[in-house]
Amino acid sequence: MPEGHTIHRFARDQTKLIAQQKLHITSPQGRFADEAKLIDRRKLNRIEAAGKHLFYHFAGGRILHVHLGLFGKFRVHENPPPPPRGAVRVRMTGKEKTIDLNGPNTCEVIDRAEYQDILDRLGPDPLRKDADPDRAWKRIHASKQPIGLLLMDQSIIAGIGNIYRSEILHLLRIHPRTPGNEITKPQFNKLWKLAKELLTLGVKHNRIITIDLKTLKKSIETTPRRKLFRIFKKPNCPSCGGEIERFKMASRKVFACPACQPSS
DNA sequence: TTGATTGTTACCGG
DNA sequence: TCCGGTAACAATCA
């Protein structure tokens, strides 16, 4: 579900959808109800995405912070909405649509200081206008850690997840085990540009797309998810046909072609 | 029923 | 201190 583009997509869509929205808080486990009282539900000023984090800014400096984690999901219903399915943490009801949130990693009301703490520990997000890629470059250039690990570190670069890491490194022909300090500046510049392009495409279509769309016969909507990737969970390399290797890095499976992405 | 999974954090041992 | 490994948590589907 997540990866940074998803949350930017929600921020964008919800901002349109939520005009004059009211929030109705449902909390089957009783975990969120007290916190929810802290926000003025009628005064939602703006919705902001940073990396994989989503912030709803309410009047009075109260901020609803959502992180979808692995399983978090927004469901959009036409009004009148069906009964909540499963543990709905937040239900936002507008004039025409209702949005339910299930299974988030984080769903809490925070103040401006806590919000700032979260922003401060995030690296630059390629989807944001205020992103400073040089911050990411400095961290990567100074690190002996493998680039496959660094790309998963949200304090270095925010928004990339497990699928994009394998796909981006394959497109750049960089092996995930390459130490950060062996990445050249031109390579990093390409990496940043590619991340920005792919994430932007992801926001547009609400899918992770790393193949060349010109080769696609069917529409994106009717194409199975996995056919929009190049090597993630694939047995063979789309470039050379060779066998894809898979191993764990940052406790997650990473995919690479030993031939096209030679280890240094 | 089991296992896997677009994620993060805390904790522990080397 | 730094690193890697592990567990916990969330929900759904094959």
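The model shown is predicted, which means the values in this text are computed figures rather than measured ones. Numbers restart at 1 for each chain; the letters A, B, ... are given by sequence-line order, proteins then strands.
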Exercise for review: Could you list by number each residue of residues 145-154 of chain A showing a heavy-atom separation from DNA chain C of less than 4.0 Å, or answer none if no residue does?
Suggested key: Q145(A), L149(A)
**Study point:** Touch class at under 4.0 angstrom, heavy-atom based, for R121(A) against every strand present
**Key:** sugar-phosphate
Practice item. Mind checking N105(A) for me? I need base, sugar-phosphate or nothing, with any heavy atom below 4.0 Å counting as a touch. Key: base
**Study point:** With S251(A) via side-chain hydrogen bond (donor to acceptor under 3.5 Å, both in side chains) - residues at least two apart
**Key:** none
Point to revise | Salt bridge present between K97(A) and E78(A) (N-O < 4.0 angstrom) | key: yes
Practice item. Answer with base, sugar-phosphate or nothing: what part of the nucleic acid does K233(A) contact at a heavy-atom distance below 4.0 Å? Key: sugar-phosphate
For residues 234-241 of chain A, run the donor-acceptor check on the side chains, cut-off 3.5 Å, and write out each pair with its distance to 0.1 Å, sequence neighbours left out.
unit_1: K234(A); atom_1: NZ; unit_2: R226(A); atom_2: O; d: 3.0
unit_1: K234(A); atom_1: NZ; unit_2: F229(A); atom_2: O; d: 2.9
unit_1: N236(A); atom_1: ND2; unit_2: G241(A); atom_2: O; d: 3.1

Review point. Between atom CG in L68(A) and atom C1' in dT8(B), what is the gap in whole Å?
Key: 13 Å
Revision key, fill the gap. Quick note, ring pair (Phe, Tyr, Trp, His ring centres under 6.0 Å) partners involving residues 182-202 of chain A, not counting sequence neighbours, are W137(A)-F188(A)
Practice item. Under the salt bridge (Lys or Arg N to Asp or Glu O under 4.0 Å) rule, collect the residues that match up with K138(A), sequence neighbours excluded. Key: D134(A)
Check your understanding: Checking S143(A) side chain against I140(A) main chain: does a donor-acceptor pair fall under 3.5 Å?
Key -> no
Review point. Considering residues at least two apart in sequence or located in another chain, which fulfil the salt bridge (Lys or Arg N to Asp or Glu O under 4.0 Å) criterion with E245(A)?
Key: none
**Study point:** Residues within residues 245-253 of chain A bordering DNA chain B, heavy-atom distance below 4.0 Å
**Key:** R252(A), K253(A)
Review point. Can you tell me how far P of dT8(B) sits from CD1 of I157(A), to the nearest Å?
Key: 13 Å
Practice item. For dT8(B), take OP1 and OP2 only and decide whether either is under 4.0 Å from a side-chain N or O of H67(A). Key: yes
Exercise for review: For K193(A), check salt bridge (Lys or Arg N to Asp or Glu O under 4.0 Å) against everything at least two apart and list the hits.
Suggested key: E197(A)
Check your understanding: Counting distance only, does the side-chain N/O of R89(A) pair as donor-acceptor with the main-chain N or O of P104(A) below 3.5 Å?
Key -> no
Review point. With sequence neighbours excluded, what pairs up with R230(A) under the salt bridge (Lys or Arg N to Asp or Glu O under 4.0 Å) test?
Key: none
**Study point:** Euclidean distance, atom CZ of residue F232(A) to atom P of dA4(B) [Å, nearest integer]
**Key:** 13 Å
Practice item. Return the set of residues passing side-chain hydrogen bond (donor to acceptor under 3.5 Å, both in side chains) with R75(A) (not counting sequence neighbours), or none when no residue passes. Key: N102(A)
Check your understanding: Is the backbone N or O of R207(A) less than 3.5 Å from a side-chain atom of H205(A), with the two atoms forming a donor-acceptor pair by type?
Key -> no
Exercise for review: Grab the CD1-P distance between I118(A) and dT9(B) for me, whole Å please.
Suggested key: 9 Å
Might you list the N or O atoms of the protein lying below 3.5 Å from N or O atoms in nucleotides 12-14 of chain C, with each pair's distance?
unit_1: dT12(C); atom_1: OP1; unit_2: R75(A); atom_2: NH2; d: 2.6

Review point. Under 3.5 Å, side chain of E3(A) to main-chain N/O of I163(A), donor-acceptor pair present?
Key: yes
Check your understanding: With a 4.0 Å cut-off on heavy atoms, is Y164(A) in touch with a base, just the backbone sugar-phosphate, or nothing at all?
Key -> nothing
Review point. Please give, in whole Å, the distance from dC9(C) C1' to E108(A) CD?
Key: 14 Å
Practice item. Using a 3.5 Å limit on both pairing distances, list the dot-bracket string of DNA chain C from the 5' end; Watson-Crick and G-U wobble pairs count, crossing pairs take [ ], interstrand pairs take |. Key: .||||||||.||||
Check your understanding: Between R139(A) and S155(A), is a side chain to side chain contact (heavy atoms under 4.5 Å, CB included) present by the stated rule, with each step listed?
Key -> CA-CA 9 Å; R139(A) 290 281 304 274; S155(A) 75; 3.5 Å; yes
Check your understanding: When the distance from NZ of K144(A) to C1' of dT1(C) is rounded to whole Å, what number comes out?
Key -> 12 Å
